[in-house]
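In what follows, a single structure is set out as structure tokens and then discussed.
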Amino acid sequence: MIHTVDFILIGAAIADILAQPVSAEVFTKGSIAAQEILMQTGGDAMNEACVLAQLGASVRLVSKVGKDYAGEFIMRRCQERGVGTEFVKADAAISTGINIVLVDGEGERHFITSPSGSLRKLSLEDVPQEALMGGRFLCFASIFVSPYFGNTALKELFRKAKGQGLTLCADMTKCKKKETLEDMQESLSFLDYVFPNYEEGRLLTGQESRDGIADAFLACGVGHVVLKDGGRGCLVKTQKERYEIPSYPNAKCVDTTGAGDTFTACFLYALGQGMALPECGRFANAGASLCIERVGAAGGIRNLDCVMERYWQMAGA
């Protein structure tokens, strides 16, 4: 029996080993001290699924892990947070992806990744038709993470998702092979919402201005462009609407890991609650500001109330 859910998240679920703060001296000294060293879950889809579950939404994760300690760690965390894992494939032939995340004194992160782990192994074959049934929103998180999900595979997945009546969303990372919007247009044209950050959008579109980036996505057929821009907040644009929503002004940045994923998850949650686009942007900015104040990808949001508190502070500013 397929359970109905609010959100279906497709993408990476890995483990992160984080150290903070770490300076460039780590490469010149035999040993340095960090204030915090911890193991947490990571990966775009896992991050977004955990945030949505913390906010109270029902979530199904579609991903791939190994049959190892890190994979078991991820599955336990999903169980603790109420994330559905019936479509998380455990494959003994691969190792669960593990990222080493070095966070500098400014809160910026620097990743050490392995291409042989599960992070790069998810394919269309790992997403059965049943995984797309019974949901309201589907978010593919993120385009360009998995080499098996190029334009053709994404187009097929998005076509199937549209056939299920899902509102279709996608996050992204930086393009890996100098892909252009023209290369990705067939798949992007299915999207109701896309969530690039400024640098990702600039690299893919070749545009320098925020409006230029958004307009290029809209010309490809995307319904709504939500451009994340760090401390500048976000730009939300459609063919008929345009909103600039500033970031939460008083956040103390400790670690930016997962901030973009938290933003996307919060925006999706707000959409699911029927909020208007400017309200979705404000809610997402509030959630992202909580994320950057703690080490790790999804630990800043405890519940809906803590996000709503900042949301209302921003509304009254």
- Take Q164 and Q129, measure what side chain to side chain contact (heavy atoms under 4.5 Å, CB included) needs, and give me the verdict at the end. CA-CA 9 Å; Q164 293 292 332; Q129 185 70 36; 2.8 Å; yes
Check whether [X] reaches the backbone of [Y] with its side chain - one donor and one acceptor, N or O, closer than 3.5 Å.
X	Y	value
K176	F144	yes
N285	R282	no
E25	S23	no
R136	G272	yes

Is any side-chain heavy atom of [Y] closer than 4.5 Å to one of [X]?
X	Y	value
D261	D171	yes
L124	E156	yes
V225	L218	yes
I74	M46	yes
C78	V88	no
V127	L157	yes
R232	R210	yes

For [X] and [Y], which I'm curious about, is there any donor-acceptor pair between the side chains at under 3.5 Å?
X	Y	result
D183	T180	yes
Q313	Y248	yes
D68	T96	yes
R310	S289	yes
T257	R109	no
D255	Q20	no
Y243	E241	yes
T167	D192	no
S58	D6	yes

- Task: Check whether NZ of the Lys or CZ of the Arg R76 lies under 6.0 Å from the centre of the six-membered ring of Y69 and within 45 degrees of that ring's axis.
- Result: yes
The ring pair (Phe, Tyr, Trp, His ring centres under 6.0 Å) partner of F140 among Y193, F7, F149, F195 is F149
